[in-house]
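Whatever order the structure lists them in is the order used to number ligands and atoms, beginning at 1.
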Amino acid sequence: MAALTDLTLAQARDGLAAGEFTSVELTEAHIAATEAVRDLNCYILETPEAAREMAQAADDRRVRGEGGSLNGLPIAIKDLFCTTGVQSTAGSHILEGFVPPYESTVTRQLWDAGAVMLGKTNLDEFAMGSSNMTSYFGPVMNPWQRAGDAAAKLVPGGSSGGSAAIVAARGALASTGTDTGGSIRQPGSFCGIVGMKPTYGRCSRWGIIAFASSLDQAGPLTRTVEDAAIMLGVMAGHDPKDSTSVNVPVPDYEAALGTGVKGLRIGVPKECRLEGTPAEIEGLWQQGIEWLKAAGAEIVDISLPHTKYALPAYYIVAPAEASSNLARYDGVRYGLRVDGDSPQEMYENTRGEGFGAEVKRRVLIGTYVLSAGYYDAYYLQAQKVRTRIGQDFHEAWEKVDAILTPTTPSAAFAQGEKMDDPIAMYLNDVLTVPASMAGLPAISVPAGLSGDGLPLGLHVIGRPFDESTVFKVGHAIEEAANFTATPQLMAGGR
Ligand code: GLN
């Protein structure tokens with residue numbers, strides 16, 4: 001039998017159901033695997049004791065013939081989700097020591113389905129970043145290495161870098177992430193795993209520490225498309241506690257996978273052919289087109305004319321919302337307090353010490369674009385652009401059922417690279433941000449390796465609330481790509 005940590009979530013589920021092993025055994029294997037890859041710094045907090053208790057409780061339920069669809073399956077949680085009685089930091093010094101008295105709706109649903117929590121994963125501070133370099137708790141290392149260059153430490157992408165790296169390294173069967181502009185899909189692509197961002201409103205944001213409320217969405221990171229479908233089925237659903245969560249039924253995503261892509265129309269947007277994109281990424285995109293054609297899909301050239309404005313508009317809207325959301329960290333209500341001689345000074349000292357450089361940059365940009373003198377020129381203008389981006393997609397849906405692009409303009413880069421050039425860092429999200437601005441579901445599926453042996457993802461965008469088609473197309477790519485490469489730094493070694 002394969003090592004327990006090599007199983008997919010679906011295989012582990014079936015193995016538990018067949019009585020081949022217990023959740024305690026499965027969980028112990030993942031706790032040991034976590035220790036083996038601790039140098040990657042995937043976790044801000046490991047919770048092995050809680051995991052053991054949850055695993056035992058899952059086994060007890062199974063004996064009684066009870067237990068939900070994830071009963072006994074060990075997973076990791078991005079440390080942006082509030083978890084009752086367990087420190088939740090958002091990767092920030094300002095929330096160090098913050099122990100929420102409440103559980104996010106998404107994690108509540110996972111625990112109700114029987115999942116086991118291994119710990120809280122590392123992330124860019126307040127989910128602002130594409131490299132995991134902005135975490136107060138130190139960078140996460142990508143378990144993949146460049147061929148012939150083991151010395152270069154690569155980033156796992158961000159902001160859900162810890163969640164992506166631990167799943168790639170076989171330390172967890174699956175994990176949760178959040179995606180505001182690409183933070184599930186880009187780390188999924190960099191770490192050679194599947195990352196799925198559902199439609200805005202599909203998962204409740206209640207209890208997820210807010211970055212940019214009109215963009216943030218929870219979603220799964222897994223090693224297969226099937227596993228992503230299983231996870232999302234549990235994470236999704238209407239929540240009266242989040243007024244932006246949408247009350248539409250959650251379909252059986254797993255069932256959608258088997259139905260194939262025959263007759264589906266797949267759009268290829270010309271505006272995503274970006275200048276300077278490496279030939280190997282262009283080549284992979286073309287390969288994806290050929291795969292889907294061979295599977296019976298029809299390829300349609302489309303235009304999304306406002307694509308080039310998506311990134312600049314995102315970097316107005318997201319910081320604007322962030323500056324407003326982060327106003328609550330004042331040294332009074334949560335986490336860190338740095339005293340001063342007056343309340344004003346305490347407030348300034350706390351925020352000055354508690355926030356890192358990238359968060360401060362965003363708060364400054366956000367406050368600026370919302371200020372009386374510049375609101376019309378920046379924020380309002382960006383909102384208009386956002387509407388146009390949404391219209392582009394709306395028109396595309398008359399011609400196609402899904403859209404295919406690469407996930408990222410490059411493979412994983414080295415730690416420290418792009419740190420002194422925020423624009424170069426922001427360009428990571430150039431292909432993922434349009435779907436975020438339009439609130440659309442999108443998935444990244446590992447599809448090939450770069451010339452130096454690093455994973456590259458293909459990106460599928462779908463209609464609002466049509467995650468099923470996104471999964472179906474993702475699955476077809478997965479089958480054709482047959483991506484079996486594994487990272488160099490993983491539990492069990494290779
Ligand atoms: N990299 C993007 C940013 O820094 C997206 C982050 C995210 O999706 N949370 O804003």
- Centroid-centroid distance, Y368 to Y375, less than 6.0 Å: no

- Message: Test of understanding: with salt bridge (charged side-chain N to carboxylate O under 4.0 Å, His left out), list the residues that count as partners of R328, not counting sequence neighbours.
- Response: none

Show me a pair-per-line table, with atom names and distances to 0.1 Å, of protein N or O atoms that are under 3.5 Å from an N or O of ligand 1.
residue, atom, partner, partner atom, Å
ligand 1, 1 (N), G129, O, 3.0
ligand 1, 1 (N), S130, OG, 2.8
ligand 1, 1 (N), D429, OD2, 2.6
ligand 1, 4 (O), G129, N, 2.9
ligand 1, 4 (O), Y315, OH, 3.3
ligand 1, 4 (O), R362, NH1, 3.3
ligand 1, 4 (O), R362, NH2, 2.7
ligand 1, 8 (O), T180, N, 2.7
ligand 1, 8 (O), G181, N, 2.7
ligand 1, 8 (O), G182, N, 3.2
ligand 1, 8 (O), S183, N, 3.0
ligand 1, 8 (O), S183, OG, 2.7
ligand 1, 9 (N), A127, O, 2.8
ligand 1, 9 (N), T180, OG1, 3.3
ligand 1, 9 (N), S183, OG, 2.7
ligand 1, 10 (O), Y314, OH, 2.6
ligand 1, 10 (O), Y315, OH, 3.4
ligand 1, 10 (O), R362, NH1, 2.8

- Got a salt bridge between K120 and D79, using NZ or NE/NH1/NH2 to carboxylate O under 4.0 Å? yes

- Task: Would you mind checking if R108 and D112 are paired as a salt bridge, meaning a charged N to carboxylate O distance below 4.0 Å?
- Result: yes

- Between Y253 and F471, does the ring centroid distance fall short of 6.0 Å? yes

- Query: Any side-chain heavy-atom pair from E125 and F137 closer than 4.5 angstrom?
  - Reply: no

